[in-house]
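Beneath this line is the structure, given in structure tokens, with notes to follow.
Because the structure is predicted, anything quoted here is derived from the model rather than measured. Labels below follow one simple rule: chain letters A, B, ... track the order of the sequence lines, proteins then strands, and each chain is numbered from 1.
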Amino acid sequence: MTTPAAAARLAELVTRVTEHPNQLPTLFPAVARLVGRGPTDPADRDGLLTLRVEDDARVTLLAAAAGSGRLDTNQLAALLTELYEEGDGDERRAVLRALDRLDAVDPRVGRRLVEDALRSNDPRLIAAAMGRFAARHLGADAWRHGVLKCLFVGVPLAAVTDWADRVDSELVRMTADFTAEREAAGRTVPEDARRILAAPRPDPGPEPSEDPEHPQAREGER
Amino acid sequence: MRIFDPHIHMTSRTTDDYQAMYDAGVRAVTEPAFWLGQPRTSVGSFRDYFDGLVGWERFRAAQFGITHHCTVALNPKEANDPRLAGVLDLLPRYLAKDGVVAVGETGFDAMTEAEETVFVRHLGLAAEHGLPVLVHTPHRDKVEGTRRSLELVAGSGLPPGMVLIDHLNEVTVGQVAEAGCWMGFSIYPDTKMDEHRMVKVLSEYGLDRMIVNSAADWGRSDPLKTLKTGRAMLDAGFGEDDVDRVLWRNPVEFYAQSGRLLLDDAQAADPTATWEGNSVLRGQRPV
């Protein structure tokens, strides 16, 4: 996938960005042209579960900028925001993936970008938004809606980092409603919805079948 | 028949159109930035429009197996509105992006001084970013508009092979052929060109540097006019390879000069495709 020449170009870019992190906005759009693009796993063409070649290269460059010692927290936040807001779909995806790897990012800044991505309808952005950063830093409401959005747009649950650790009774209720709505419409229910319904949760709460507001939840508990 | 529609405004079209285009053999498109049918009033509208061209529209097309590229510019009509001058400052960041394969549409609408100033700026931006240029020729006073466009292109120092002069017809094609620029023809249901007149032009001028598009937008237009032109070519005695050249290889060759084509993705999405060309589409350029 990546040729030695492409690897050498990436190494050059890493050197440049480490010395001059402020050059990253100029380099970022050109990364795929210089280093390559395409899936690292042919079965995951859109990079929902794995980083595509260009994602990996862009994340590497962001990590180099963050680790250069030349940006303070505010400057790093400003850089990430600029790259995201001025990026096309591919560039935005890489910024989201990088959040998972950069411990120095102000969580408030990262959350704003993740929440923006979750308002999109592009599965590639939504999948990238639900990684390790979201698992650690996204609020409960936003995280649950992110999971539900994955079910809606066909992002596999496997793209949601540590989902089983964050399942709670409210997510189960939402998923049960989603399942009932799908069944009422005669549409297929994704297997991932069943996984959420079957997952153990720390706050079992009332049995959904006892909730008169959500009688359809019984469907989901089958 | 594999088709690259090199000029179509997909933001104005439905998903049914995307499906019909795919079924007709369309595997790639270029969407030039243009106006909306009514004037915009702020730079921010352009920013959102350009973001859509490199974001949502690209994704929408990909869902139908079609690779979407775009060109960006301040179009000739809106070049006349001083409130929009700031759009020129937005362009460099889009011109650096993958899938942005030319500067355009630029050129003339009413042949004003403001249009000319912006046109010249665009030619300079193209040179600076190593990109081709897509030039819109005016609906009114077309011969003179084409002549002046070619004069400005010649004065810019850009190689004529980096410039596509679009919306040509029988009376304007000659001067563009002579200048060495690429010749674009928009095939419309009842204006501009139709597919049968197009075939006559191809018979007379040959297939070199010839580009056919539907230019379909929010007006009465037909996104399958590329296919219909291909069929008209076959009916008139042109071969399959001739059709492939006009409807695929020519636009690929023109836009590949940008080094920004994304066609390898389309190939991966279409396992029956037999064409090649990855290497030519991956131009490496300094940043």
Can you check whether anything in residues 98-124 of chain A gets within less than 4.5 Å of chain B, heavy-atom wise, and list it by number? N121(A), D122(A), P123(A), R124(A)
Which pairs with one or both residues in residues 41-56 of chain B pass side chain to side chain donor-acceptor pair (under 3.5 Å), sequence neighbours excluded? S42(B)-S45(B), D51(B)-Y94(B)
Flag the one option from G55(B), A62(B), A96(B), P92(B) with the top tally of heavy-atom pairs under 4.5 Å to chain A. A96(B)
For Q23(A), is it the side chain, the backbone, both, or neither that has a heavy atom closer than 4.5 Å to a heavy atom of chain B? neither
Residues forming a side chain to side chain donor-acceptor pair (under 3.5 Å) with N213(B), sequence neighbours excluded: D166(B), S186(B)
Which bit of E85(A) is near chain B, if near means a heavy-atom gap under 4.5 Å: side chain, backbone, both or neither? both
If you count heavy-atom pairs within less than 4.5 Å of chain A, which of R93(B), R60(B), Q63(B) leads? R93(B)
Testing the 3.5 Å rule here: is there a donor-acceptor pair between the side chains of E31(B) and H68(B)? yes
Set of salt bridge (Lys or Arg N to Asp or Glu O under 4.0 Å) partners for K77(B), sequence neighbours left out: D109(B)
A side-chain contact here means heavy atoms from C-beta on lying under 4.5 Å apart; do V101(B) and Q257(B) qualify? no
Could you tell me if N250(B) and E253(B) have a donor-acceptor pair between their side chains, going purely by distance under 3.5 Å? no
When the 4.5 angstrom heavy-atom criterion is applied to R58(B) and chain A, the contacting part is side chain
Check: D217(B)/S12(B) side-chain N/O donor and acceptor closer than 3.5 Å: no
Under a plain distance cut-off of 3.5 Å, with no hydrogens placed, do T71(B) and E105(B) share a side-chain donor-acceptor pair? no
